[in-house]
Amino acid sequence: MELIVAGLSHHTAPVELRERIAQPPERVPPALDRLVKTLGFAEGLLLSTCNRTELYARSSVSGSDHRALEFLDSLRPAGAPPLEGHVYVRQGDDALRHLFRVASGLDSMVVGEVEIARQMSDAYTLACQAGTAGALLNRAVPRALQIGKRVRTETALARGVSSVAGAVVALGERVFRDLSNCHVVTIGAGETVETALRALRPRTTGRLVICNRTAARAEALALKFNGQPAPLSDLPRRVAEADIVIAATAATEPLLRAAEIVEATRRRERPLMILDLGVPRDVEPAVGRLDNVYLHDVDDLRAITDRSIEQRSQEIPKAEAIVAMAVTEFRRRRQQMEAEPAIKALLDGMLRTRGEVLDHEKNLTPETREAVERATGRLVDRLLRRLAPRMKDGSTNPRQILDAFGIELASADTDEDHEEKA
Amino acid sequence: MYDGSLQWTGNSGPARHPNPAPDPMEALVRALHVVVPVLWTAAAAAYWVVFVRDDLPAARWGARLSLLAALLHVSDLAATGAAGLAPLLQPGTLVSGMGLAAALVYLVLERKIRKPSIGVFAIATAALLATVGSAIGDPFATAPEGVPTGRTSLHVAGAIAGYAGLLLAAIFGALLLAQQRALRNRRFGLFWERLPSIELLDSFTRGSLGAATIFLTVTIGLGHMARHYSDRMGTSWDPKVIATNLLWLLTLLTFAARKSKRMRPAVAARVSIGLFAYAFANMAIVSRFSQVHAGL
């Protein structure tokens with residue numbers, strides 16, 4: 001009985017394959033139901049994100065790896081390329097380590113990203129609702145989420161910003177006390193502006209104005225982000241009202257010049273932050289030297305993200321050490337919990353045998369029987385005191401000991417039930 | 001001896017405690033002189049954790065430890081008074097008193113602005129001043145004897161609080177200029193990410209200037225009243241009177257200009273630093289040529 005993981009991720013499969021295999025939440029419960037009822041797994045959880053689709057299951061019989069791959073293949077829609085060469089299977093401690101690494105963000109495309117914790121938590125909730133999370137997953141997955149939290153708290157793996165969109169927010173937070181009341185003006189309505197707005201807009205409730213040469217694109221983006229479109233001719237007036245300006249157009253000449261910004265900021269009290277994400281630049285560099293105006297270009301944003309990613313990579317060994325310790329501890333705890341019913345069964349078996357032997361001795365007086373029971377009780381106690389630690393630390397297999405004494409482990413005392421109780 | 005005005009007369013040399021036997025009040029004052037800097041340092045450490053890790057429990061501990069340190073610091077001053085010595089009138093307690101005032105002004109601002117991430121700078125300053133204050137003088141060897149009147153106590157405490165407000169305005173102003181310079185020079189790192197925003201630093205600078213203006217107004221008003229009733233406190237043309245009135249006027253104008261948004265944050269930050277330098281010079285240099293506080 002051990003954890004098995006089978007799946008494909010950004011490490012092994014291209015996005016064309018990953019997006020075909022990815023399962024929306026509504027398809028997960030029937031898939032898990034099939035896993036348990038048809039393929040015979042005792043437990044199962046399906047983690048499906050844009051970067052990975054992985055099955056975490058409890059293997060109870062041999063050949064689990066083949067059946068796990070069979071399950072993954074069943075998720076492949078008709079016409080999708082075959083999975084051969086793109087999938088991996090891990091079992092036992094390797095699977096557990098993989099689970100902990102995924103929950104910590106160590107296996108993510110952007111190392112340290114925190115979204116994976118929420119995705120794993122959602123996947124676990126789905127498994128619980130489907131009734132496919134049992135003794136093993138009920139311990140392993142919450143523990144993985146705890147380890148992920150610990151890694152993010154005790155190391156700087158999740159600190160800093162790792163995307164351009166995140167850098168936009170980070171810069172804004174260095175200028176403004178509260179981003180929520182900032183008015184945003186964009187110059188351009190392209191993909192870069194949209195990416196920046198995707199990060200910024202959830203943080204701001206202030207006015208958003210999209211200034212663009214093509215009215216239709218401005219209107220479409222304004223609709224998407226609850227803003228209002230405006231023509232480029234309105235730009236000076238709009239910039240005068242803005243706190244944050246995001247510029248990203250294909251223009252070959254600067255659209256904002258220092259003289260215009262001086263005029264626009266003459267009467268303003270709040271700082272003005274301008275993010276020039278266009279190449280070639282849309283804002284005259286001299287604007288950056290103006291008082292109360294903070295101009296940043298795409299190189300600045302890249303410098304922020306590069307720095308964060310470098311800092312995160314330095315934290316990987318610390319995070320891996322935490323994961324390795326957690327795997328060892330988890331295994332030790334499992335061995336202890338698995339050994340406890342065996343120890344109890346061994347004790348019961350020895351005492352039962354003693355009772356049977358003493359019952360055969362008809363000539364024993366009650367006093368003698370009591371003395372013999374006391375002495376043999378101490379003997380059993382001494383034997384078990386030597387044996388129990390070895391059974392708990394895994395150096396002696398509890399099952400082999402029970403077999404040697406011919407003792408059956410009662411079904412009520414199975415390790416899973418014991419774990420459930422624990 | 002204290003004569004009821006802002007002046008102390010009599011023994012100008014180091015005062016000796018009249019009773020050489022161990023006094024419980026003296027023991028209490030000496031113990032508090034050790035405990036108070038330790039507590040301020042612990043509070044600063046908690047605020048450092050807040051700065052580095054944005055840790056909410058640490059923020060709560062920082063505020064609690066600061067309040068406890070402030071309470072014991074005030075008790076220290078009260079115990080000094082109860083021991084028969086004038087508190088805040090010898091270099092050690094004056095310096096640590098300024099730390100206490102700076103911390104109190106900051107704690108009021110923090111309660112108002114609700115952003116503890118900047119506390120490390122204010123509370124560490126309080127810890128530093130409290131430590132230096134405890135180290136540089138034995139109050140029982142240097143403090144003038146006698147307990148001043150309520151008016152004099154208010155005058156001295158107001159002056160310390162006013163100067164502490166200017167000290168905080170200078171610290172926050174310097175941080176604002178540093179953040180601005182880092183943004184212009186494209187410096188991106190943990191320190192700059194953790195440093196509060198330019199707008200928030202501006203709020204703290206403005207708040208500190210406001211506190212300085214209020215306390216200086218009170219202390220100067222009390223000083224003029226005391227001078228009016230005493231004929232031994234110099235003339236209106238005393239350098240200290242002129243310099244302090246000018247400091248008050250400049251502080252008031254800067255605060256008003258910033259409050260009415262006629263002065264840019266960076267300019268106000270530079271002026272705040274200049275004002276504190278001026279206040280320090282007024283305290284350390286101009287006082288030497290003044291008759292107003294003669295005998296203190």
Trainee: Could you look at Asp291(A) and say if it's the side chain, the backbone, both or neither that has a heavy atom under 4.5 Å from chain B?
Mentor: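 Answer is both: backbone and side chain atoms of Asp291(A) are under 4.5 Å from chain B.
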
Trainee: Between Glu269(A) and Arg258(B), is there a salt bridge with N-O shorter than 4.0 Å?
Mentor: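 Answer for the salt bridge query: yes.
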
Trainee: Take atom CZ of Arg64(B) as the centre, draw a 6.0 Å sphere, and report whether it contains more than 12 heavy atoms from other residues, nucleotides or ligands.
Mentor: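 More than 12 heavy atoms, drawn from other residues, nucleotides or ligands, come within 6.0 Å of this atom.
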
Trainee: Step through the shown structure and confirm whether more than 12 heavy atoms of other residues, nucleotides or ligands are within 6.0 Å of CZ on Arg187(B).
Mentor: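 Above 12, so yes.
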
Trainee: Mark yes when over 12 heavy atoms from residues, nucleotides or ligands other than Phe280(B) sit less than 6.0 Å from its CZ; otherwise mark no.
Mentor: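 No, because the 6.0 Å sphere around CZ of Phe280(B) holds 12 heavy atoms or fewer from other groups.
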
Trainee: Can you name the nearest heavy-atom pair linking Arg184(B) to Asn292(A), along with the distance?
Mentor: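 Shortest heavy-atom separation between Arg184(B) and Asn292(A) comes out as NH2-N, 3.6 Å.
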
Trainee: If I compare all heavy atoms of Ala182(B) with all of Arg174(A), which pair ends up nearest, and what's the gap?
Mentor: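 What the structure gives for the nearest pair is CB-NH2, 3.5 Å.
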
Trainee: Among the options Val267(B), Leu195(B), Leu200(B), Leu201(B), pick out the one with the most heavy-atom pairs lying under 4.5 Å from chain A.
Mentor: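 Top option by heavy-atom pairs under 4.5 Å: Leu200(B).
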
Trainee: Just wondering, do Asp202(B) and Arg270(A) contact through their side chains at under 4.5 Å, heavy atoms?
Mentor: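 No, their side chains stay 4.5 Å or more apart.
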
Trainee: Testing Leu171(A), Asp300(A), Leu295(A) for side-chain contact (heavy atoms from CB on, under 4.5 Å) with Leu183(B), which one passes?
Mentor: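 Only match with Leu183(B) under side-chain contact (heavy atoms from CB on, under 4.5 Å): Leu171(A).
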
Trainee: Nearest 0.5 Å, please: how far is CG in Leu179(A) from CD in Glu199(B)?
Mentor: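 Separation between the atoms: 9.5 Å.
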
Trainee: With a 6.0 Å cut-off (strictly less than), is the heavy-atom count around CH2 of Trp61(B), excluding the residue itself, greater than 12?
Mentor: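 Not more than 12 within 6.0 Å, no.
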
